[in-house]
Visitor: 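Handing you this structure, nothing more for now.
Remember, it's a predicted structure, so these values are computed and weren't measured experimentally. Atoms considered below: every heavy atom in the structure, side chains included; atoms not considered: hydrogens, waters and symmetry mates.
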Amino acid sequence: MIGAWAGALPALLVAFAVVFLPGLVMGAGLRLRGLALWAIAPLIGVATFAGLALVYGAARIPWSAWSILVGVAALAGLAWLVGWWLGPRRPTTRTSSRAILLLTAGLVIGIGLTTVRFVIYVNDPAAISMTNDAVFHLNAVRHILETGSASSLQISSVVGGRGFYPAAWHALASAVVLFTGVEIPVAANMVSLVIAAGVWTLGVTWFAQRMTGAASSVAALTAALSASLVVFPLLMFQWGVVYSFALSLALVPAVAGLVVGSVRWMTTDAPVLGRLRPAVLLGALLVAGLGAIALSQPASLLTWAIIAVSWFTWWAIPAAASAGRRARTALVAALAAAWVAFALLWFALTRSTSGSHWPPFRSKLEAVVDVLLNGPVLLPVLAGVSILMIAGIVVAVLHRELRWLATAWLVLGGLYAAAASVGNPIVRRVLLGAWYADPYRIAAACAVVIVPLAAVGLAWIASWATRSISRRRGEEAEALGATWGLAAVAALGIASLIAAPMIQMRAVTQGTVDAESRYITEDYLSPDERALLERLDENVGEDDRVIGNPSTGMGFGYMLSGRDVFPRTWAHPRTPEWAIIQNELREAGSDPAVCDALEVYGSPSFVLDFGLGEDTPGRYELEGMTDFAGQPGFELVDSEGEASLWRITACER
């Protein structure tokens, strides 16, 4: 396994460059420095790739390595021009070497633990997530490479659809393939690792630094604790697999940091023009960040909005109380506008989805306990993190400047409790519809506030303990406490990896637990079946179509071979013609109605037989699409183990 990951290191470096490098170059031009530059870089990078994809799609410019490089270079030049207009940076407080060491140590711990956990679970850099959504996502990357369009307005055509579908993740993954030539699964896994270990860790660390006024201890502890939760980032690469949602949620902390720290950013004694320039920079970064989230997965805009509105409300009310009459009126109007915009956003995102898909599975008391003990979706309880989180909530409540963080936790935790325990269909549609009432996604969203709260709690406990057992006070006690806190997090993190290197996902609606990683299981697509799909291009012509039961994993055939495999998603069509095919295809030699039905779907020349299929959520047993041996009208073309490819001769004319 180690050798395989070492061989994938060049692809990982390119994936890192795709996600971070455009933002680092542009951010440097905009005078961003330090942790802010590294945390904001993915926002700029994702917005750049997703935005270029939209423009290129509209202008019919092919999505290629050269067009990407030209577009990024043009935007980088524009960013440096804007940076020149903004003028030199304002002087900032010099960060002590001890604070830098603490932050670096925290980042090493967080990134290291997340990377190890991810590598252990995925197992092989070329592994495929054997989940329903993976079929669509990986096929969409293949579609980009073949059509030359990564636009969010065109990508749904991979399954014959039309309209908007957020394609930022697909643009990133396809770019890695274009720049390296690696297989699509390798590119997908490398981008996922960069998101989990890089984007998330840096973003939530900067968010913590912004919310505490650059307190080095809280930021460093947040970095280390970023790997402490099961629900994010790893769960999002187990469940679904929801690549797009994972990317959007990893971006949320940095975009929230833009808002939470905006008062300090904007405070200046400079004249009007001096105040305008940082406002322009902040506005541009906020637009880029929100655009990046929207083009990754719009539902995460609500997570950001909950944090932003909570912060703005707790800041604006006391500010209005102490302000003059005119300023008070402006603040009240701004607060009212923020809440109206929040309500409209919630309504729009709720109405833009297909609604609630998941039923409740816990009692109300159990759901509340899940939130308090950090054991959502039937995952193991995290007692240590929960103690730190509760301590952080107490600290936040006692300090007015952090009460918004406790409020955001209460709202997000309440949403999870509702998803887990409330059965009213109206409530589930209106309140939870933006997430499809999916408890996994909402539980993951809670991580954005749980990790900083736990860091606040750990910083307070460590500082108190240091003062109690030593003579150190003030910043010295805080730094020493943070050092011991980092050591404890690292030790417990390593111990947890040794004790439980792979934490399996629970299926809340079936009450089952995965027996193994979803990247190594053979229940969906076996090695024999994958081998057969990878050589489809040797037996199937470019203009020929291959059909099969999508519940067997055969849909991965398009991604693996480039041949026209149908369906290209996990679900089969819901038409009378397909009903005939799925039930009676093997009778094509004696039933003319089958050939008529096949004609509706482009008269496919081949069929894949990967067995009966499965009778589990999102998968189906299709009796007519298996057991072709001995049936008139079918000719064996290729086989690997029990998997086989058959030519449909019954309908040839």
Side-chain angles (χ1 to χ4, degrees), residues 30-32 36 40 43 82-93 206-215 252-291 293-294 301-349 395-412 448-449 452:
L30 294 171
R31 315 299 173 90
L32 299 175
I40 294 173
L43 305 182
V82 172
W84 172 79
W85 176 79
L86 289 172
R89 297 172 64 220
R90 289 185 301 160
T92 57
T93 304
W206 186 64
F207 173 55
Q209 187 183 78
R210 298 278 282 176
M211 77 183 195
T212 55
V252 166
V255 186
L258 290 171
V259 175
V260 168
S262 59
V263 174
R264 287 188 296 274
W265 197 334
M266 297 296 298
T267 300
T268 176
D269 296 327
V272 175
L273 184 59
R275 293 195 298 271
L276 176 63
R277 288 176 175 176
V280 170
L281 175 59
L282 180 61
L285 293 176
L286 194 56
V287 168
L290 293 177
I293 294 175
L301 289 172
L302 290 181
T303 303
W304 171 84
I306 289 168
I307 296 171
V309 170
S310 297
W311 171 82
F312 186 59
T313 301
W314 279 103
W315 174 82
I317 291 176
S322 60
R325 183 174 181 179
R326 182 175 298 179
R328 184 184 303 116
T329 301
L331 282 171
V332 171
L335 185 59
W339 276 98
V340 170
F342 178 54
L344 291 175
L345 176 66
W346 200 297
F347 176 79
L349 291 177
V395 173
V397 171
L398 293 176
H399 293 77
R400 189 178 67 183
E401 65 273 14
L402 286 179
R403 287 174 187 164
W404 60 268
L405 186 62
T407 302
W409 170 82
L410 186 64
V411 174
L412 289 168
V448 178
V449 292

Visitor: Hey, could you give me the CD1/CG distance between Ile306 and Leu412, rounded to the nearest 0.5 Å?
Guide: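 Here the rounded value is 4.5 Å.
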Visitor: Please report the shortest heavy-atom distance between Pro318 and Arg400, naming the atom on each side.
Guide: CB-NH1, 3.9 Å
Visitor: Could you tell me how the ring of Trp315 sits relative to the ring of Trp311: parallel (under 30°), tilted (30 to 60°) or perpendicular (over 60°)?
Guide: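 The rings of Trp315 and Trp311 lie parallel, inter-plane angle below 30°.
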Visitor: Give me the atom names and distance for the closest heavy-atom approach of Val397 to Ala406.
Guide: CG2-CB, 4.2 Å
Visitor: Considering all heavy atoms of both residues, which atom of Arg403 and which atom of Leu398 are nearest to each other, and what is their separation?
Guide: NH2-O, 4.1 Å
Visitor: Does the side-chain contact (heavy atoms from CB on, under 4.5 Å) test come out yes or no for Leu335 and Phe312, once each step is laid out?
Guide: CA-CA 7 Å; Leu335 185 59; Phe312 186 59; 3.7 Å; yes
Visitor: Using the side-chain contact (heavy atoms from CB on, under 4.5 Å) rule, pick out the option among Phe342, Trp314, Trp304 that qualifies with Val309.
Guide: Phe342
Visitor: What's the shortest heavy-atom distance between Leu331 and Ala316, and which atoms?
Guide: CD1-O, 4.3 Å
Visitor: Looking at residues at least two apart in the chain, or sitting in another chain, which of them share a side chain to side chain donor-acceptor pair (under 3.5 Å) with Trp84?
Guide: none
Visitor: Please examine the side chains of Val260 and Leu405, heavy atoms only from C-beta on, and report whether any two atoms are closer than 4.5 Å.
Guide: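 They are not in side-chain contact.
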Visitor: Kindly indicate whether the side chain of Leu32, heavy atoms from C-beta on, has any atom under 4.5 Å from the side chain of Leu285.
Guide: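 A side-chain contact under 4.5 Å exists here.
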Visitor: Mind checking the CG-CG spacing from Leu281 to Leu286? Nearest 0.5 Å is all I need.
Guide: 11.0 Å
Visitor: Side-chain contact test, heavy atoms from C-beta onward, threshold under 4.5 Å: evaluate it for Val252 versus Phe207 and give yes or no.
Guide: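 Answer no - side chains too far apart.
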Visitor: If we only count heavy atoms from C-beta on, is the Ile307 to Val259 side-chain gap below 4.5 Å?
Guide: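 No; the side chains remain at least 4.5 Å from each other.
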Visitor: What are the two closest non-hydrogen atoms of Pro253 and Val448, and how far apart are they?
Guide: CG-CG1, 4.1 Å
Visitor: Rounded to the nearest 0.5 Å, what separation is found between the CG atom of Leu302 and the CH2 atom of Trp346?
Guide: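 Leu302 CG to Trp346 CH2: 5.5 Å, rounded to 0.5 Å.
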Visitor: For Ala408 versus Val449, what's the shortest heavy-atom pair and its separation?
Guide: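 Shortest heavy-atom separation between Ala408 and Val449 comes out as CB-CG1, 4.0 Å.
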Visitor: Considering only heavy atoms from C-beta outward, does the side chain of Leu43 approach that of Leu258 to under 4.5 Å?
Guide: yes
